[in-house]
2 protein chains.
Amino acid sequence: MPKQVDHDERRRQIGDAVCRLIAARGLDAVSLRHVAAEADVSMGRVQHYFATKDEMLMFAFEMISERVAARLGAVFSDDPARYLRAILLELLPLSPAARAEAPVLAAFLAHAVVEPRVAEPLRQGHGEMVAWLAGMIGAVRPGGDPEQDAAALLAFADGLMLQVLMGQVSPKAAEALVDHQLGRVLT
Amino acid sequence: MPKQVDHDERRRQIGDAVCRLIAARGLDAVSLRHVAAEADVSMGRVQHYFATKDEMLMFAFEMISERVAARLGAVFSDDPARYLRAILLELLPLSPAARAEAPVLAAFLAHAVVEPRVAEPLRQGHGEMVAWLAGMIGAVRPGGDPEQDAAALLAFADGLMLQVLMGQVSPKAAEALVDHQLGRVLT
DNA sequence: CGTTTTGCAATGCGATCGCATCGTAAAACA
DNA sequence: TGTTTTACGATGCGATCGCATTGCAAAACG
């Protein structure tokens, strides 16, 4: 056999091309041929690593999910208020990394509306996020209803992400809005 | 010539089919043949009323935009606080009408991320909505920064719409969240 | 009443789609 | 060193795509 390649590495390279394609031209621009071209490999190679297009898309979805999770996991602060703020900002397409991932995430969010297999993991992520946010809010400001505040804050962040992506809100304005909203919640 | 038909009416019938298709299976399920089947007409008819698929999609987009606008326009209350609440609830997929339109809107929102021709009118609608909300907030609670509160509230509503569509938040919980959030803003 | 115009239905075309199949160079393994 | 197995590249197939073309029945119009 030819030199043993890193199977997972190859899959990630192709998944990367899928994500770039989605970010630039949307989910329906993803075809085996376009992906192969974007990744600069043959179509046979793409097929070798993914049995079906659907499997490839689901892999790309898991990829960006994990990347976003990793980005959020890399955030930390001793001060709960700062921690909370940093996490919320990390959800928005402000940094280059987030700006690359957010359009892909947005495409999958819309896809989740009509595709339960995408919606389910997102549902789980939502639950975990709300729980984490509620914990932080409770740490900063005891009393009240931290779960409600957490859920509201997450809805706010999700909507703001989309609005920034659509150009309805500038990155600068989005950051100001996060501070404004946090000010309302944490007092 | 055959009996004079109501040209606009026919276009709306086809546009309706497009919207139903998008709501059920997403934007990329829209093909001339699928639309013809959904509308129970021939493909030739679809082509007769829309020169290109793109024109058909843009028409469907304008259709739901106007419908949502009409639904919002039908809301009214003498009490600014109630008015504000009613508008926010109308943005969510709670009523049957809103539940039919929201998935279509969500699909176009995601499309807007990579398609400026869809993003532009949405940008305008966003601006108008923020201005209106700010006015209402100012009427209920003078002082503060109503524009910031309005923008934050709209981001919250947009995100909540998506979350309800994805099943992350139940309609009942969404309504409670709206009241919670309004309580934070209007005091 | 004949002509013209309208509203389609039908068909076809080239492109592209996902996917299956086949062939093969090469390295791991016996 | 021979065999097997891996990693593809190439090609092809049937389905579907958007769109163009053609034909024609019927009603509005002079």
Side-chain angles (χ1 to χ4, degrees), chain A residues 1-22 24-63 104 107-108 111 114-115 117-118, chain B residues 1-22 24-63 104 107-108 111 114-115 117-118:
Chain A
M1 36 188 150
K3 55 181 167 193
Q4 291 274 28
V5 300
D6 185 336
H7 203 259
D8 291 343
E9 162 72 11
R10 286 279 156 92
R11 280 171 70 95
R12 285 200 298 106
Q13 282 174 6
I14 295 172
D16 250 337
V18 173
C19 290
R20 268 178 276 134
L21 223 46
I22 295 177
R25 311 210 276 117
L27 253 178
D28 47 345
V30 177
S31 74
L32 298 188
R33 291 159 228 268
H34 286 159
V35 169
E38 174 71 34
D40 198 32
V41 300
S42 76
M43 209 181 119
R45 182 123 130 203
V46 176
Q47 282 191 274
H48 180 70
Y49 287 100
F50 297 100
T52 67
K53 176 188 174 179
D54 191 76
E55 180 189 327
M56 185 180 71
L57 280 175
M58 292 304 281
F59 179 79
F61 172 54
E62 289 164 20
M63 262 187 68
V104 186
F108 279 115
H111 194 54
V114 292
E115 178 54 66
R117 295 208 331 287
V118 174
Chain B
M1 36 185 151
K3 55 182 167 193
Q4 291 275 25
V5 299
D6 185 337
H7 201 259
D8 290 343
E9 161 73 11
R10 285 279 157 88
R11 279 170 72 95
R12 284 200 299 106
Q13 282 175 6
I14 295 172
D16 252 336
V18 173
C19 289
R20 269 179 274 134
L21 222 47
I22 294 176
R25 311 209 276 116
L27 253 178
D28 49 341
V30 176
S31 75
L32 298 187
R33 292 159 226 269
H34 285 159
V35 169
E38 174 70 36
D40 198 33
V41 301
S42 75
M43 210 182 117
R45 181 124 131 201
V46 175
Q47 283 192 274
H48 181 69
Y49 287 101
F50 297 100
T52 68
K53 176 187 175 181
D54 191 76
E55 181 190 327
M56 184 180 71
L57 280 175
M58 291 305 280
F59 179 78
F61 172 54
E62 289 165 21
M63 262 186 69
V104 185
F108 280 115
H111 194 54
V114 293
E115 177 55 65
R117 293 208 331 289
V118 174

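Lettering follows sequence order; numbering is per chain, from 1.
Here dG23(D) presents its P atom at 18 Å from NE2 of H48(B), a figure rounded to the nearest Å. Between the CZ atom of R45(A) and the C1' atom of dA10(D) there is a distance of 15 Å, rounded to whole Å. Across the protein-nucleic acid pair, Q47(B) atom CD and dG7(C) atom P stand 16 Å apart, rounded to whole Å. dT6(C) atom P lies 16 Å from atom CZ of R10(B), rounded to whole Å.
A donor-acceptor contact under 3.5 Å is not formed by the side chain of Q4(A) with the base of dA7(D).
Listed by chain and residue number, E9(A) satisfy the salt bridge (charged side-chain N to carboxylate O under 4.0 Å, His left out) test with R12(A) (two or more places apart in sequence, or in another chain). With sequence neighbours excluded, no residue forms a side chain to side chain donor-acceptor pair (under 3.5 Å) with E62(B). Under the side chain to side chain donor-acceptor pair (under 3.5 Å) criterion, D28(A) pairs with no residue at all, not counting sequence neighbours.
Contacts classified as salt bridge (charged side-chain N to carboxylate O under 4.0 Å, His left out) and involving residues 48-60 of chain A (residues at least two apart or in different chains) are given here: R11(A)-E55(A), D54(A)-R117(A).
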Acceptor/donor pairs from residues 32-41 of chain B side chains to any protein atom, 3.5 angstrom cut, sequence neighbours excluded:
unit_1 : atom_1 : unit_2 : atom_2 : d
H34(B) : ND1    : A29(B) : O      : 3.0
H34(B) : ND1    : S31(B) : OG     : 3.4
E38(B) : OE2    : R20(B) : NH1    : 2.5

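You'll find the side chain of F61(B) stays beyond 4.5 Å of the side chain of V104(B), heavy atoms only.
Heavy atoms of V41(B) sit nowhere under 4.0 angstrom from any nucleic acid atom.
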Close N or O pairs between protein and nucleotides 14-18 of chain D (under 3.5 Å):
unit_1  : atom_1 : unit_2 : atom_2 : d
dC17(D) : OP1    : S31(B) : OG     : 3.1
dG18(D) : OP1    : K53(B) : NZ     : 3.1
dG18(D) : OP2    : L32(B) : N      : 3.0
dG18(D) : N7     : R33(B) : NH2    : 2.6
dG18(D) : O6     : R33(B) : NH2    : 2.8

